*Asks:* 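Take this structure, written in structure tokens, and hold onto it; I'll ask about it next.
Model, not experiment: these values are computed from the prediction. The sequence lines fix the lettering, A, B, ..., with proteins before strands; numbering per chain opens at 1.
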Number of protein chains: 2
Amino acid sequence: MGIFHCGMPQSDLNLHQNSVNRDTTAKESSEKDLVRTQSPANSQRTLPRELRRLQLIESTIDCIAKRGLTDTRMADVAAGAGLSVGIVNFHFDSKTTLLAETLRYLADEYHQAWIEARNESDEDPAKQLLSLTRMNFEPRICNQRRIAVWYAFFGEARSRPTYSNLCQQLDDDYLDQMRTLFGSLFDDGNERRAHRASLMLMALWDGLWQNILLNPDVFNTDEAVRACEHWLACMLPEHFKQPDNSA
Amino acid sequence: MGIFHCGMPQSDLNLHQNSVNRDTTAKESSEKDLVRTQSPANSQRTLPRELRRLQLIESTIDCIAKRGLTDTRMADVAAGAGLSVGIVNFHFDSKTTLLAETLRYLADEYHQAWIEARNESDEDPAKQLLSLTRMNFEPRICNQRRIAVWYAFFGEARSRPTYSNLCQQLDDDYLDQMRTLFGSLFDDGNERRAHRASLMLMALWDGLWQNILLNPDVFNTDEAVRACEHWLACMLPEHFKQPDNSA
DNA sequence: ATCTTGATTGAATGCTCATTCAGTGGATGA
DNA sequence: TCATCCACTGAATGAGCATTCAATCAAGAT
């Protein structure tokens with residue numbers, strides 16, 4: 001768990017040597033700042049193994065978001081990092097493992113965010129549901145680049161057990177936690193009700209992600225959070241207030 | 001609009017000559033029966049152009065669902081229909097157009113189902129919302145094969161404007177219709193509320209589809225419909241009843 | 001200054017696949 | 001029966017791409 005988050009020295013190196021790859025929509029221009037700050041590392045020819053791997057994974061995300069999974073070549077990933085073709089095979093066994101590690105990286109990142117969101121709202125189930133919801137739409141988690149990659153993998157999930165296995169266990173775990181949270185908010189202790197509420201809220205999260213990916217004009221993350229708050233207020237009026245509708 | 005539904009003679013030919021391709025989960029074994037019934041067409045060497053195209057598109061759906069978009073080859077599509085390699089390029093200009101036509105086929109099918117669902121519930125907005133919801137989870141529309149294909153395209157949507165353009169206009173139209181339906185159910189005539197409700201219900205549909213694709217164990221279409229009904233009852237208690245919770 | 005270790009390069013290799021097209025064959029009409 | 005018209009076949013072609021690896025280079029250790 002957390003192989004990409006394990007105290008690795010994430011100094012302020014600029015891992016994006018090739019700026020051509022960074023032309024995503026302006027709104028998200030500040031994500032992953034840790035790998036962008038100016039630094040002499042720009043011209044550094046070699047980098048410690050783990051840092052280079054991280055950079056290549058980020059470049060993979062860029063490529064998938066910009067060109068789609070089918071049009072993502074090893075050479076593109078390397079070029080996106082300003083390096084030469086052979087580099088990817090040197091750090092990852094094969095394209096297959098590169099993609100698997102990319103998915104794992106995203107899953108890990110999400111998992112960390114989940115844990116943080118739960119920890120920051122101490123013991124109060126209602127607060128935890130709210131902060132989990134907000135976490136789902138934080139720019140660092142929910143942005144066009146990352147969502148595009150998630151959906152690219154979803155499309156392949158059925159055919160590549162590796163992909164679904166990687167997320168299945170986490171998903172089950174999340175559902176379980178949600179059930180517990182909802183369970184303690186429904187006073188009737190109705191298991192089925194808590195189960196259904198959990199599925200619904202998680203489905204709502206997913207559906208809103210999808211809309212943010214496909215209809216960014218109609219939709220944004222603030223609107224998404226408000227929709228979820230609205231839903232919570234409908235489901236559990238004693239525990240949640242309707243969000244501010246002024247906007 | 002509707003190029004695949006335009007009075008083309010959809011006789012009871014068995015378009016699936018190669019049964020190897022049909023091993024999806026047993027539950028969905030009865031979809032697209034029109035192209036499976038036993039008939040001498042099984043051994044027919046030639047078929048009218050439009051019918052062959054239809055068969056190849058269905059084979060494309062099979063391939064994408066089973067192997068993923070990245071691993072779908074022209075030869076696989078041909079083999080899935082029991083035909084030889086050159087056939088696909090004979091009926092479609094290129095792989096690109098084959099995929100675009102496949103997406104258009106699904107979009108069309110969905111669009112037809114949408115219209116039917118609206119027509120069958122005469123003028124009553126509440127009934128129409130219900131039947132649209134049920135339509136979304138009918139086996140012919142919502143099954144692992146088809147959802148897998150939708151998601152494969154979603155993953156590529158950002159990078160291929162062709163794909164998103166194809167659906168964008170329809171989506172906007174659906175959203176518009178939903179706003180009107182909700183608008184006439186909210187007595188306060190609050191536009192914003194109707195807008196948000198529309199987005200939420202459509203997001204819920206999408207999120208439930210996603211769960212049906214990725215977690216078929218936890219999830220099924222009946223559960224999905226009930227979740228939506230539950231949501232409708234929460235949002236508009238005067239117009240909808242809570243679904244039967246006995247199951 | 002030299003050695004050692006490991007990262008990086010990029011030309012070369014060989015495989016996979018979309019696409020082509022000359023040839024085959026079945027159906028329909030004369 | 002023959003001719004015409006298409007649907008269809010599948011070997012051949014060549015472009016595109018992942019992967020390899022010998023050579024190069026950088027940085028730290030001695």
*Asks:* Please state how far atom CG in B/Leu56 lies from atom P in D/dA7, giving the value in whole angstrom units.
*Replies:*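 After rounding, the gap between these two atoms is 13 Å.
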*Asks:* To the nearest Å, how far apart are A/Met74 CE and D/dG16 P?
*Replies:*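 My rounded result for the distance is 19 Å.
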*Asks:* Do B/Asp71 and B/Lys66 meet the salt-bridge criterion of a basic N to acidic O distance under 4.0 Å?
*Replies:*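 Result for this pair is no, no salt bridge flagged.
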*Asks:* Do A/Tyr151 and B/Tyr151 have their ring centres less than 6.0 Å from each other?
*Replies:*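 Centroid separation for A/Tyr151 and B/Tyr151: below 6.0 Å.
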*Asks:* In whole Å, I'd like the distance from the NZ atom of B/Lys95 to the P atom of C/dA18.
*Replies:*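 Nearest whole value for this atom pair: 4 Å.
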*Asks:* Side chains of B/Ser164 and A/Leu214: closer than 4.5 Å at any heavy-atom pair?
*Replies:*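 No, side chains not in contact.
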*Asks:* Can you list everything that forms a salt bridge (Lys or Arg N to Asp or Glu O under 4.0 Å) with B/Arg179? Sequence neighbours excluded, please.
*Replies:*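 Per chain and number, B/Arg179 pairs via salt bridge (Lys or Arg N to Asp or Glu O under 4.0 Å) with B/Asp176.
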*Asks:* Are the ring centres of B/Tyr105 and B/Tyr110 closer than 6.0 Å?
*Replies:*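 Distance test on ring centres: not under 6.0 Å, no.
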*Asks:* A/Arg73 has an atom CZ; how far is it from atom P of D/dG16, in whole Å?
*Replies:*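 My rounded result for the distance is 10 Å.
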*Asks:* Strictly under 4.0 angstrom, non-hydrogen atoms only: write out the protein contact profile of nucleotides 7-14 of chain C, one letter per nucleotide from the 5' end, B, S or -.
*Replies:* BBBBB---
*Asks:* Does A/Glu58 pair with A/Arg146 as a salt bridge, N-O distance under 4.0 Å?
*Replies:*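 A salt bridge links A/Glu58 with A/Arg146.
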*Asks:* Just the rounded figure in Å: distance from P of C/dA18 to CG of B/Asp71.
*Replies:*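 Between P of C/dA18 and CG of B/Asp71: 11 Å.
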*Asks:* Atom CZ of A/Phe92 and atom C1' of D/dA18: how far apart are they, to the nearest Å?
*Replies:*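 Distance, rounded to whole Å: 15 Å.
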